*Asks:* 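Here you go, one structure.
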Amino acid sequence: MDKKNKKPDIKIFNTLSLSKELFKPINEDKVLMYVCGITAYDLSHIGHARAYITFDIIYRFLKSAGYNVIYVRNFTDIDDKIIKKANEEKKTVEAVSSKYIDEYRKDMDALNVLSPSYEPKATETIPEMIEVASKLIDKGNAYEINGDVFFRVNSFKDYGKLSHKNIDELIAGLRIPVNEEKENFLDFALWKKSKEGEPSWNSPWGKGRPGWHIECSAMSMKFLGESIDIHGGGSDLIFPHHENEIAQSESYTGKNFVNYWIHNGFVNINSEKMSKSLKNFITVRDVLEKFHPEALRLFFMFTHYRSFIDFSYEGIESAGQSLLRLYQAVNLYNELKKLTYEKRIEIKDAKEKDTSGGTAGGASTEDGNKGTAVSGKNPESIERYIAQFYDSMGDDFNTAKAVSVIFDLVRKTNKIIKDAMAQNFIERADLLFLDSAMVFIKHSLSDIFGILNEDPKLFIESNSAPANYEYGKSGVSAAAAAISGEEIEKLIKRRNELRKNKEYAAADEIRKSLLEKGVTLEDTNFGTAYKITGIN
RNA sequence: GGCGGCAUAGCCAAGCGGUAAGGCAGAGGUCUGCAAAACCUUUAUACCUCGGUUCAAUUCCGAGUGCCGCCUCCA
């Protein structure tokens with residue numbers, strides 16, 4: 001990271017080889033990355049969220065590792081499903097696609113998914129697609145039949161290298177009726193003759209529109225060149241989509257198309273694949289209605305990107321609690337800093353340490369010596385944590401492991417801070433450790449994981465209330481309190497007077513009555529705070 | 001039918017040849033008049049079953065069971 005030029009080793013599980021490979025980009029400092037985007041015909045679901053958050057983190061990590069990443073993520077804005085939707089809603093195809101592109105962008109913004117370097121639309125790349133199809137025909141890799149152009153799968157000897165299938169087996173396993181027109185049922189459309197009323201473009205084969213697979217090849221080559229480093233997408237795209245992309249691209253250029261193929265696992269609902277066709281999908285919005293977007297991100301990060309995730313509201317709830325713990329740690333640090341500035345916590349230099357005859361300084365047990373703890377319990381280097389973090393991320397983007405490193409660190413910083421608060425002093429070495437730890441925590445969580453972007457104090461105040469979720473129902477945020485803020489303040493004041501006079505029974509009575517109205521009190525050193533926790 | 005993946009504590013989930021990260025929940029403790037919140041500590045007699053390889057297997061190999069995915073649009 002901050003070591004100039006020296007980049008951490010990164011191993012990537014490559015679908016081509018089904019094994020982890022050391023990442024070596026084509027250009028020394030630049031990474032060319034393409035990720036298949038959405039077909040814009042409906043709201044995004046949490047499966048899309050996982051895919052794009054996965055690649056968002058990969059994108060962020062590669063940048064943090066010192067690479068200049070050129071990231072392209074496309075929009076498919078011409079396609080059967082969009083045409084169907086347009087017909088149903090009696091709108092133009094363009095109206096439908098642009099609407100859902102807008103909605104998608106809103107979702108991605110909400111999820112703090114960074115915009116790629118380029119977001120091309122298929123319809124903006126038609127000439128390039130026609131060029132590819134034409135040349136493929138010239139080279140004998142494709143053929144035209146009545147205005148349709150098909151890729152001749154048998155002309156590409158490596159067909160199946162990505163999905164690890166072979167053509168003969170695929171034909172043997174045939175389950176769908178063969179299109180009589182095609183030479184081989186595996187042959188796929190590069191160009192489709194358009195029907196009446198459908199959007200169409202002029203081509204050497206008459207009016208038509210592009211096939212799906214050729215879009216990505218054309219857009220990838222247009223923006224990134226003929227050979228790129230990383231191409232990603234959901235694991236359902238391996239076959240046939242990505243397989244077809246390889247076939248047409250490599251036939252077209254005669255060069256290797258992609259060096260590293262990365263595929264993310266699926267989001268399941270009740271152990272079953274979630275998909276639009278199964279109609280069991282949950283939209284990004286459904287989730288964001290009830291949970292903080294960062295909770296969703298963390299939820300995904302707790303699992304390796306290649307594993308499937310079984311989605312559940314309980315799972316996000318759990319991730320939400322974890323997120324709160326992270327915010328709490330930063331908040332605690334902020335409080336400590338404030339106390340040191342106000343000189344309410346003294347900063348001691350190592351020299352004046354230990355009058356209590358502690359054990360050998362730095363080597364002493366860093367755990368367990370509560371209370372005394374003047375012996376340098378810390379000067380441990382933050383480097384160890386940073387190294388572990390980068391090792392984990394460099395090991396096929398193992399976010400689950402990387403996150404655990406952060407939690408380890410958080411436990412450590414919490415302990416140091418709490419001890420300091422209890423003793424009213426902190427050793428300078430410990431403070432320096434805390435400072436560097438927080439810089440690292442904030443960088444890793446915010447810049448790489450894309451979380452922890454809220455003000456800690458505000459976040460904690462607004463998220464501490466137990467979520468009152470119920471599957472399939474909206475209304476997590478509990479009912480509002482049955483009492484006004486003004487009245488609450490009045491009662492708190494009254495109660496604190498009673499407490500001052502040690503009339504605890506009466507004070508507790510007020511607290512109880514507020515609780516019944518959905519207000520929870522918290523006595524702190526700086527006064528009494530209240531939270532609307534709702535009536536259960 | 002072909003190909004592939006997964007099976008780790010109450011739940012989620014890393015690890016993958018030398019005897020188990022992390023999170024949530026639970027329990028105990030610190031703090032507090034008591035609470036709440038926070039923090040700390042703690043929680044797997046062996047990681048689906050049975051065989052095999054090995055000095056050593058949760059980790060490798062084989063078989064079995066269960067769940068899931070791809071082979072059709074799909075992140």
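Computed over heavy atoms, backbone and side chain alike; hydrogens, waters and symmetry mates excluded. Every value quoted in this text rests on a predicted model; they were computed, and no experiment measured them.
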*Asks:* Categorize A/R325 for me: base, sugar-phosphate, or nothing, with a 4.0 angstrom heavy-atom threshold over every strand shown.
*Replies:*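 A/R325: backbone/sugar contact only, no base atoms under 4.0 Å.
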*Asks:* Would you mind reading off the distance between A/E215 atom CD and B/A75 atom P, rounded to a whole angstrom?
*Replies:*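 Roughly 12 Å, once rounded to whole Å.
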*Asks:* If you check every side-chain atom of A/T39, which of B/A75, B/G2, B/A37 has the closest atom?
*Replies:*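 Closest nucleotide among those given: B/A75.
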*Asks:* If I pick the P atom on B/A63 and the same atom on B/A75, what distance separates them, to the nearest angstrom?
*Replies:*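 So the two P atoms sit 36 Å from each other.
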*Asks:* Which whole number of Å gives the distance between the C1' atom of B/C71 and that of B/G64?
*Replies:*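 Going atom to atom, C1' in each nucleotide, I get 25 Å.
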*Asks:* Could you check whether A/R411 gets within reach of a base, just the sugar-phosphate, or nothing at all, counting any heavy atom under 4.0 Å?
*Replies:*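 Contact class for A/R411: sugar-phosphate only.
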*Asks:* Centre of A/Y52's six-membered ring, under 6.0 Å away, within 45 degrees of the axis: is that where NZ or CZ of A/R73 sits?
*Replies:*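 Judged by the rule, A/R73 and A/Y52 form a cation-pi pair.
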*Asks:* Taking atom C1' in both B/A14 and B/C6, what distance in whole Å separates the two?
*Replies:*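 To the nearest whole Å, 15 Å.
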*Asks:* Centre of A/Y41's six-membered ring, under 6.0 Å away, within 45 degrees of the axis: is that where NZ or CZ of A/K81 sits?
*Replies:*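 Satisfied, under 6.0 Å and within 45°.
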*Asks:* Whole angstrom is fine here: how far is it from CD in A/E509 over to C1' in B/G33?
*Replies:*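 Nearest whole value for this atom pair: 16 Å.
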*Asks:* Does A/R60 form a salt bridge (Lys or Arg N to Asp or Glu O under 4.0 Å) with A/D56? I'd like the steps, not just the answer.
*Replies:* CA-CA 6 Å; A/R60 287 163 178 267; A/D56 184 52; 2.8 Å; yes
*Asks:* Of A/A329 and A/I46, whose closest RNA chain B nucleotide lies nearer the 5' terminus?
*Replies:*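 That would be A/A329.
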*Asks:* Measuring only the P atom in each nucleotide, how far is B/U19 from B/A13? A whole number of Å is fine.
*Replies:*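 Looking at atom P only, B/U19 and B/A13 are 26 Å apart.
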*Asks:* Quick check for you: among B/C71, B/A14, B/U41, whose closest atom lies nearest to any side-chain atom of A/K415?
*Replies:*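 Of all the options, the side chain of A/K415 is nearest to B/U41.
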*Asks:* Look at all strands and tell whether A/F299 reaches a base, only sugar-phosphate, or nothing, counting heavy atoms closer than 4.0 Å.
*Replies:*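 No contact.
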*Asks:* Kindly say whether, by distance alone, the side chain of A/D523 makes a donor-acceptor pair under 3.5 Å with the base of B/C34?
*Replies:*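 Donor-acceptor pair under 3.5 Å: yes.
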*Asks:* Closest to the A/A400 side chain: B/A75, B/A13, B/A37?
*Replies:*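 Looking only at heavy atoms from C-beta outward on A/A400, the closest nucleotide is B/A13.
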*Asks:* How about NZ on A/K85, more than 12 heavy atoms from neighbouring residues, nucleotides or ligands closer than 6.0 Å, or not?
*Replies:*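 Check passes, neighbour count above 12.
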*Asks:* Counting distance alone, no hydrogens or angles: does the base of B/G33 have a donor or acceptor under 3.5 Å from a partner atom on the side chain of A/D508?
*Replies:*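 Yes, the side chain and the base share a sub-3.5 Å donor-acceptor pair.
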*Asks:* Quick check on RNA chain B: between A/L18 and A/E272, whose nearest nucleotide comes earlier from the 5' end?
*Replies:*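 On the 5' side of the pair lies A/L18.
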*Asks:* State whether the aromatic ring of A/Y504 stacks on the base of B/G33, taking stacking to mean ring centres under 5.5 Å apart and ring planes under 30° to each other.
*Replies:*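 Answer is yes, a stack.
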*Asks:* A/K502 near the nucleic acid: base, sugar-phosphate alone, or nothing, with a heavy-atom cut-off under 4.0 Å?
*Replies:*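 Touches nothing.
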*Asks:* Between A/Q328 and B/A37, is there a contact of a side-chain N or O with OP1 or OP2 at under 4.0 Å?
*Replies:*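 The answer is no; no side-chain N or O of A/Q328 sits under 4.0 Å from OP1 or OP2.
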*Asks:* Just call it for A/D408: base, sugar-phosphate, or nothing, with non-hydrogen atoms closer than 4.0 Å on any strand.
*Replies:*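 Contact class for A/D408: sugar-phosphate only.
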*Asks:* Between A/F61, A/F389, A/Y59, A/F299, which is the residue that forms a ring-ring contact (aromatic ring centres under 6.0 Å, His included) with A/F449?
*Replies:*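 Among the candidates, only A/F389 passes.
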*Asks:* In whole angstrom, what separates A/F291's CZ from B/C12's P?
*Replies:*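 Going from CZ in A/F291 over to P in B/C12 covers 16 Å.
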*Asks:* Applying a 4.0 Å non-hydrogen cut-off, can you work out what A/L521 is touching in the nucleic acid: base, sugar-phosphate, or nothing?
*Replies:*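 Base, at least one base heavy atom under 4.0 Å.
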*Asks:* Tell me which nucleotide among B/A38, B/A75, B/C34 gets nearest to the side chain of A/L324.
*Replies:*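 For the A/L324 side chain, the nearest candidate turns out to be B/A38.
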*Asks:* Looking only at atom C1', what distance separates B/A38 and B/G5, rounded to whole Å?
*Replies:*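 It works out to 42 Å between them.
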*Asks:* Out of curiosity, A/S318 OG to A/Y313 OH, how far, rounded to the nearest 0.5 Å?
*Replies:*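 If I round to the nearest 0.5 Å, the distance is 15.5 Å.
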*Asks:* When all nucleic acid strands are considered with a 4.0 Å heavy-atom cut-off, which category describes A/M301: base, sugar-phosphate, or nothing?
*Replies:*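 Touches nothing.
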*Asks:* Assign A/G233 to base, sugar-phosphate, or nothing according to its heavy-atom contacts below 4.0 angstrom with the strands shown.
*Replies:*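 Touches sugar-phosphate only.
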*Asks:* Does A/V35 reach a base, just sugar-phosphate, or nothing at all? Heavy atoms under 4.0 Å.
*Replies:*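 Answer is nothing: A/V35 stays at 4.0 Å or more from every strand.
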*Asks:* Can you find a donor-acceptor N/O pair under 3.5 angstrom joining the side chain of A/R306 to the base of B/G5?
*Replies:*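 In this structure, the two groups form no donor-acceptor pair.
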*Asks:* With a 4.0 Å limit, can you tell me whether A/N166 has a side-chain N or O closer than that to the phosphate oxygens OP1/OP2 of B/C3?
*Replies:*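 No, because none of the side-chain N or O atoms of A/N166 sits under 4.0 Å from OP1 or OP2 of B/C3.
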*Asks:* May I ask you to evaluate whether A/K273 reaches the phosphate of B/C70, defined as a side-chain N or O under 4.0 Å from OP1 or OP2?
*Replies:*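 Yes.
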*Asks:* Take atom CD1 of A/I238 and atom C1' of B/G2, then tell me their distance rounded to the nearest Å.
*Replies:*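 Spelled out: CD1 on A/I238 to C1' on B/G2 is 16 Å.
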*Asks:* Rounded to whole Å, how long is the line connecting atom CE of A/M274 with atom C1' of B/G69?
*Replies:*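 After rounding, the gap between these two atoms is 14 Å.
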*Asks:* Nearest to the side chain of A/I38, heavy atoms from C-beta on, is which of B/C70, B/A75, B/A14?
*Replies:*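 It is B/A75.
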*Asks:* From the set B/A13, B/C34, B/C39, return the single nucleotide nearest to any side-chain atom of A/T303.
*Replies:*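 Shortest atom-to-atom distance from the side chain points to B/A13.
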*Asks:* Should the pair A/D80-A/R209 be classified as a salt bridge under the 4.0 Å nitrogen-to-oxygen rule?
*Replies:*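 Salt bridge: yes.
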*Asks:* A/F239 has a side chain; which of B/A75, B/A35, B/C70 sits nearest to it?
*Replies:*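 Selected nucleotide (nearest to the side chain): B/C70.
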*Asks:* Describe, in one word, how the ring planes of A/Y104 and A/F75 are oriented to each other, choosing from parallel (under 30°), tilted (30 to 60°) and perpendicular (over 60°).
*Replies:*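 A/Y104 and A/F75: perpendicular rings.
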*Asks:* Looking at B/A14, I'd like to know if its phosphate oxygens (OP1 or OP2) sit under 4.0 Å from a side-chain N or O belonging to A/S307.
*Replies:*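 Yes, within the criterion.
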*Asks:* What's A/S163 touching, base or sugar-phosphate or nothing? Going by heavy atoms closer than 4.0 Å.
*Replies:*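 It contacts nothing in the nucleic acid.
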*Asks:* Does the ring of A/F13 carry A/R306 above it, NZ/CZ under 6.0 angstrom from centre and within 45° of its axis?
*Replies:*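 Yes - A/R306 lies over the ring of A/F13, closer than 6.0 Å to its centre and within 45° of its axis.
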*Asks:* So, under a plain 3.5 Å distance rule, would you say the side chain of A/R50 forms a donor-acceptor pair with the base of B/A75?
*Replies:*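 Side chain to base: no pair present.
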*Asks:* For A/H304, answer base if it contacts any base atom (sugar-phosphate contacts may also be present), sugar-phosphate if it contacts only those atoms, and nothing otherwise; contact means non-hydrogen atoms under 4.0 Å.
*Replies:*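 Sugar-phosphate contact only.
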*Asks:* Checking contacts here: which listed nucleotide (B/A38, B/C24, B/G22) is nearest the side-chain heavy atoms of A/K418?
*Replies:*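 Within the option list, the nearest is B/A38.
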*Asks:* Students often get this wrong, so: under 4.0 angstrom with heavy atoms, is A/N414 touching a base, only sugar-phosphate, or nothing?
*Replies:*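 Sugar-phosphate, no base atom in range.
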*Asks:* For the side chain of A/A51, counting heavy atoms from C-beta on, which of B/C39, B/A14, B/A75 is nearest?
*Replies:*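 Looking only at heavy atoms from C-beta outward on A/A51, the closest nucleotide is B/A75.
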*Asks:* What nucleotide, of B/G15, B/G2, B/G33, holds the atom closest to the side chain of A/N398?
*Replies:*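 Looking only at heavy atoms from C-beta outward on A/N398, the closest nucleotide is B/G15.
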*Asks:* Please state how far atom CD1 in A/I488 lies from atom P in B/A36, giving the value in whole angstrom units.
*Replies:*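 These atoms are roughly 20 Å apart.
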*Asks:* With a 4.0 Å cut-off on heavy atoms, is A/N331 in touch with a base, just the backbone sugar-phosphate, or nothing at all?
*Replies:*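 Contact class for A/N331: none.
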*Asks:* Without decimals, in angstroms, what is the distance between A/D79 CG and B/U72 P?
*Replies:*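 After rounding, the reported distance stands at 17 Å.
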*Asks:* Across all strands, who's sitting opposite B/G17 as a Watson-Crick or G-U wobble pair, both distances under 3.5 Å?
*Replies:*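 Because no pair has both required distances under 3.5 Å, B/G17 counts as unpaired.
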